[in-house]
Amino acid sequence: MPTRRQVLAGGVVGFGGLALAHCSRAEMDTYEATQAKLRAPLPVSPQMTELVRFAALAPNSHNVQPWRFSIDERRCWISPDLTRRLPVVDPDDHHLFVSLGCAAENLMLAAQASGKSSAVDMRGNRIEIVFGGGDARQSPMFDAIPRRQTTRSTYDGRQVPADALRLLEEAAKLEGVSLLLLTGKPHLESVLDFVIQGNSAQMDDAAFVRELKAWIRFNPTEALATGDGLLGAASGNPSLPGWLGRAVFSTVFRKNSENRKYAEHIRSSAGVAVFVSDQESKAGWVNIGRSFQRFALQATALDLRHAHINQPVEVMALRSEFSKWLGLGGRRADLVVRFGYAPALPMSVRRPVERIIEPFA
Ligand SMILES: Cc1cc2nc3c(=O)[nH]c(=O)nc-3n(C[C@H](O)[C@H](O)[C@H](O)COP(=O)(O)O)c2cc1C
């Protein structure tokens, strides 16, 4: 198994077999120092901006970080940053509002750890969280916030014990959200069929590939410069000079090799979680984000990894067929996430807190 440093430095073969290393020791050190600051433990009496730092460690589609926070001692608003939409993969802003829900859940867990209760509501386009008093309560889910990551690698094939599956189900429980856990091999093979159909459609869609490529950061320096996007190394790919990464992208990012990779990823996973909302609305999508985030944090607390395989819900032509296969009776499947055991990969970046906070309007 490669170490995290080897992956950052491009010391492993990835990216369709291309193994050109380009990452200096100084670059790695800067990246790791930034991560240490970004993911530092919450102080005992944190400033409100520290709660926002924890909120923004939430997962979010393509790591665009589509959020703005307004916060004081009494309340927080989380508003969509519509300049960071993903019009091709997420034309109805579903993933955007799911991402806001993930951030809201982190913020509420961080508030609870610093002695604040919180009540959450949806007001038009934004999430409003009102703080109250309470005892400071840390939890394994709160502790997992800085360690949680999306791990897009081959897992080790081990099954998850029944009591751990129960903890995952318990964590994800939220009114209006259903979680389906698929662990049988035939079910995973069927999910794989949907993922391959969806991935093939996306790889044939030039607009999808263009949008994805725009958010790829080919080395740590590029990721640190923007504070967002998908670092190649965080998906197990080698770091490359930006000009080279962009030049070879379409040669090495190919439908067949990506489909083979997904087959390996799904077959090595212990299971697949599908999140389904009762409500096809922004409030329903925010709840999906909250439920998924609690699942992801509980998984992290159990040393389990997770990664999205959302192709069956992103490709319109497949979405209703997938829902029908799951027996959802007309409801939309919102998220598809695999889970299992694997070593961690490098963490992804976030923008500095000052850039995502704005005054109450
Ligand atoms: C709503 C939503 C949809 C996502 N869809 C995908 C996806 O289809 N494929 C994928 O590899 N990652 C997906 N992700 C994971 C994000 O890319 C990831 O959270 C982001 O890059 C930040 O990385 P981190 O989770 O390691 O902090 C999704 C995340 C969210 C919240």
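Here, residue 1 is the first one in the sequence, and each next residue gets the next number. Note that ligands are numbered from 1 as they come in the structure, with each ligand's atoms numbered from 1 the same way. Predicted model only: the values in this text are computed from it and were never measured. Values below: all heavy atoms of this structure, side chains included; hydrogens, waters and symmetry mates excluded.
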Peer 1: Closest by any non-hydrogen atom to atom 5 (N) of ligand 1: pick that one out of N310, D228, T150, T151.
Peer 2: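 It is N310 that holds the nearest heavy atom.
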Peer 1: Can a salt bridge be assigned to the pair E170 and K173 using a cut-off of 4.0 Å between side-chain N and carboxylate O?
Peer 2: yes
Peer 1: May I ask you to check whether over 12 heavy atoms, not counting those of E169, lie within 6.0 Å of atom CD?
Peer 2: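 Yes, the 6.0 Å shell around CD holds more than 12 heavy atoms from other groups.
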Peer 1: Pick one of side chain, backbone, both or neither for how H94 approaches ligand 1, counting any non-hydrogen atom pair under 4.0 Å.
Peer 2: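 Under 4.0 Å from ligand 1, H94 contributes no heavy atoms.
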Peer 1: Specify the protein heavy atom at minimum distance from atom 8 (O) of ligand 1: its residue, its atom name, and the distance to 0.1 Å.
Peer 2: E314 OE2, 3.4 Å
Peer 1: Using the rule given for side-chain contact (heavy atoms from CB on, under 4.5 Å), can you reason through Q311 versus F322, listing the C-alpha separation, both sets of side-chain angles and the distance that settles it, and then say yes or no?
Peer 2: CA-CA 10 Å; Q311 292 88 343; F322 186 59; over 6 Å; no
Peer 1: Please work out whether any backbone atom (N, CA, C, O) or any side-chain heavy atom from C-beta onward of L230 is under 4.0 Å from ligand 1, and answer side chain, backbone, both or neither.
Peer 2: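 L230 to ligand 1: side-chain contact only, backbone stays beyond 4.0 Å.
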Peer 1: Which is closest to atom 10 (C) of ligand 1 by heavy-atom distance: R350, R152, M347?
Peer 2: R152
Peer 1: So, are R158 and D156 salt-bridged, with charged N and O less than 4.0 Å apart?
Peer 2: yes
Peer 1: Please walk me through it: do R75 and E128 pass salt bridge (Lys or Arg N to Asp or Glu O under 4.0 Å)?
Peer 2: CA-CA 7 Å; R75 65 197 165 139; E128 189 170 280; 5.7 Å; no
Peer 1: Atom 19 (O) of ligand 1: which of N199, V313, N60, V195 has the nearest heavy atom?
Peer 2: N60
Peer 1: Taking N or O atoms only and a 3.5 Å limit, does H95 qualify as a polar contact for ligand 1?
Peer 2: no
Peer 1: Using a 4.0 Å heavy-atom threshold (strictly under), name the region of P59 that reaches ligand 1: side chain, backbone, both or neither.
Peer 2: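 The answer is both, backbone and side chain.
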Peer 1: Who gets closest to atom 7 (C) of ligand 1 by heavy atom: H265, Q149, Q311, H308?
Peer 2: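 Considering heavy atoms of H265, Q149, Q311, H308, the nearest to atom 7 (C) of ligand 1 sits in H308.
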Peer 1: Are any of the side-chain nitrogens in E258 or K261 under 4.0 Å away from the carboxylate oxygens of its partner?
Peer 2: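 Yes.
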Peer 1: Please work out whether any backbone atom (N, CA, C, O) or any side-chain heavy atom from C-beta onward of N63 is under 4.0 Å from ligand 1, and answer side chain, backbone, both or neither.
Peer 2: both
Peer 1: In ligand 1, which numbered atoms sit nearer than 4.0 Å to a non-hydrogen atom of V98?
Peer 2: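 In order of number, 1 (C).
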Peer 1: Do the side-chain N and O atoms of Q279 and S281 include a donor-acceptor pair separated by under 3.5 angstrom?
Peer 2: yes
Peer 1: Under a plain distance cut-off of 3.5 Å, with no hydrogens placed, do S277 and N287 share a side-chain donor-acceptor pair?
Peer 2: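 N287 vs S277: no donor-acceptor pair found between side chains.
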Peer 1: Tell me, please: is S99 in heavy-atom contact with ligand 1, that is, under 4.0 Å?
Peer 2: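 Yes, S99 has a heavy atom closer than 4.0 Å to ligand 1.
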Peer 1: For H62, counting its heavy atoms only, list the atoms of ligand 1 lying under 4.0 Å from any of them.
Peer 2: 17 (O)
Peer 1: Checking side-chain polar atoms at under 3.5 Å, does R331 have a donor or acceptor matched by the opposite partner on S178?
Peer 2: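 Yes.
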Peer 1: Provide the number and element of each atom of ligand 1 under 4.0 Å from a heavy atom of S348.
Peer 2: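 This gives 22 (C), 23 (O), 24 (P), 26 (O), 27 (O) as the contact atoms.
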